[in-house]
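A quick note: this is a predicted structure, and the numbers were derived from the prediction, not measured. We're numbering straight along the sequence, starting at 1.
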Amino acid sequence: MRGLAVVAAVAAAAPACTDAPAGELAEHRGTTTFLTPTEHLARASLALRGVRPSIGELREVAADPSRLPELVDRYLATPEFGDTVRELHDEALLLRIRDRQYTLPAVDRLRGATFDQVNDSIYGEPLHLIEYVVTSGRPYTDIVTADYTLADPTVARAWGLTYAGFGQWTVVPTPDRPRAGILASPALFMRYRSAGANYHRARANAVSRGLLCHDFLDSDISIDTSVNLADPQVVANAVVANPTCAGCHQALDPLASYFFPYPQGTLPVGSITAYPFAYYDPTAGDGWFGTTWRPPAYFGTPADGLAGLGAAIASDPRFARCAAIHFASYLTESTADALPPAWIAALQDHFTSAHYDARVLVRDIVMSDEFRTASDDDAQAALATIGYQKVRPPQLARMIEDLTGFAWTADSPAVVGIGPYWRQGTYDVLDDDTEGYRVLAGGLDDYLVTRPVLTSTTTSSLVTRDLAYRAAAFVVSHDATAAAGARTLFAGSPGAEPASATALRAELANLHARIFSELVDPSDGALDADEQLFDGALAAAHGDVRRAWIVTLTAMLSDLKAVYY
């Protein structure tokens, strides 16, 4: 459940989302209050795209709420939804790791590539494949059964794939890989390495957890502490003969046996001098013989190779259910165990009947009562209510760039402690955890930090305020000299003092609609505090209009109403 203290703070600082804009009425059903149509639209837009709806879209839905489903369909066809699909699956699979021990060196055909470029490309391959499957309407089962992948030049050069694109991510055939989608991607198993006598069990659990929502580590089994874990022979015997160990290992070990073609141990970064680099050896597939002694099998059912494993996963009802959980959990910012089981079952049924079109699943989630619930007067029901959602770091970056045109990037000559193989170069501050603020803003590093922080913290508030100031200064400078039709955020020029209090309030109403997704009349009392802030900043800046707008806009962009929805 989301931190109640933070939710209370948000509620105290901002008008409740049930305070309907003029002309809109919140819907009530029993003790439940739902978002108004424009609030629902704003939540859908931010959840699906990470950007706020336009003023025209807000007015369209305010005038005719039946237009909302059509706008949602439009959002599902945008490039930003593809970004969301990758971010959603990265939270589930934890792939986008940035660590020198996991990074291919920038030598030979990768010479000149930066640290982030190599990592984003190599570990982005499975995520871009999933994005393509979802956004093109292909069956979601393709993510574990496809005989193709997505590649950019870095991926193609690293693995020796036939690439005919123009620097972009492009569908490429994978005739030398098993027909197993992301299960045939070296990146997945470079990320999840197997050490020593682990014999790919960690990899098996990563696949089971990420694709079936079945985590062997969560099994309710009493551990026999008498087993000498320091003796490999004792352990090898225990996982077969000891009932407390065999309870998990009789399913885990046969699943792990599928991954012996991928090498164990650390990535040999220092020994890689040329590409393509081979990270898959089909001749090693019988490595289970003499180690775990368990032939490959999928929860008791034999399946032939990685292609057979992918087909078995695709036909497992847990796969569709897990997809419903991942999408619903991400889009509502709820933990999996907080999702109503009946809702997940209904989503799963429609998803499978729609031939695994994930866009149907997403649309069902966004248009559901569960998604658009604002509050509940029943104390027990309130515990399961979604309430406010907070923008994640990549959503914050997209929202701010869409509103102001400002993209927060920085430059660094090298990654500390890595040496001559990599250089940092230009990086996205909110999407980097080597030198950037991705974790401090509430995001993941996919290794040590594996869950997002979906409440305001000291560091995320500082990051947001810093970003807000930079973006405010950027857009005020731009819009002050831009022609009327070329301004990014302002309706009028922020370089000249408003002609009257009426003109000032009209601009503030425009900013409210853009930044908060609130349609308010210039005479509305909701603008009084903003008017007072601008007037006070203008006086403190001795009539410097640009400075006054920077102060006002910094406050608005970092307001809780901007970062929560």
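- Here Asp357 pairs with Arg359 in a salt bridge; the nearest charged N to carboxylate O distance falls below 4.0 Å.
- Defined by atom type and a distance below 3.5 Å, a donor-acceptor pair is present between the side-chain atoms of Glu507 and Asn510.
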Before giving the answer on side chain to side chain donor-acceptor pair (under 3.5 Å), spell out for Tyr330 and Thr84 the whole-Å C-alpha distance, their side-chain angles and the decisive distance to 0.1 Å. CA-CA 10 Å; Tyr330 185 91; Thr84 297; 5.5 Å; no

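- Remark: the His512 side chain and the Asp530 side chain contain an N/O donor-acceptor pair separated by less than 3.5 Å.
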Please evaluate residues Trp408 and Tyr437 with respect to the criterion ring-ring contact (aromatic ring centres under 6.0 Å, His included), reporting the C-alpha separation (whole Å), side-chain torsions for both, the decisive distance (0.1 Å), and the verdict. CA-CA 11 Å; Trp408 197 3; Tyr437 298 154; 5.6 Å; yes

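- Arg29 has a carboxylate O that lies under 4.0 Å from a charged side-chain N of Asp369, or vice versa, which qualifies the two as a salt bridge.
- Listed by chain and residue number, Cys213, Arg321, Ala336, Leu339, Ile344 satisfy the side-chain contact (heavy atoms from CB on, under 4.5 Å) test with Ile325 (two or more places apart in sequence, or in another chain).
- Taking the ring centre of Tyr565 as origin, the terminal cationic atom of Arg52 falls outside the region bounded by 6.0 Å and 45° from the ring axis.
- With sequence neighbours excluded, the residues satisfying ring-ring contact (aromatic ring centres under 6.0 Å, His included) with Phe327 are His89.
- Once rounded to the nearest 0.5 Å, the distance linking CD1 of Ile55 with CD of Glu60 reads 14.0 Å.
- The stretch residues 479-502 participates, sequence neighbours left out, in no salt bridge (Lys or Arg N to Asp or Glu O under 4.0 Å) pair at all.
- For Asp432 and Arg438, the salt-bridge test fails: no basic side-chain N is under 4.0 Å from an acidic carboxylate O.
- Applying the salt bridge (Lys or Arg N to Asp or Glu O under 4.0 Å) test to residues at least two apart or on different chains, the pairs with a partner in residues 114-133 are Arg86-Glu131, Arg96-Asp120, Arg98-Asp116, Arg98-Asp120, Glu125-Arg177.
- For Asp411 and Thr426, the side-chain atoms include at least one donor-acceptor pair closer than 3.5 Å.
- In this view, Gln117 and Ala113, Thr114 satisfy the side-chain contact (heavy atoms from CB on, under 4.5 Å) rule, not counting sequence neighbours.
- For Glu87, the salt bridge (charged side-chain N to carboxylate O under 4.0 Å, His left out) partners at least two apart in sequence or on another chain are Arg398.
- With respect to the salt-bridge test (charged N to carboxylate O, under 4.0 angstrom), the residues Arg505 and Asp528 qualify.
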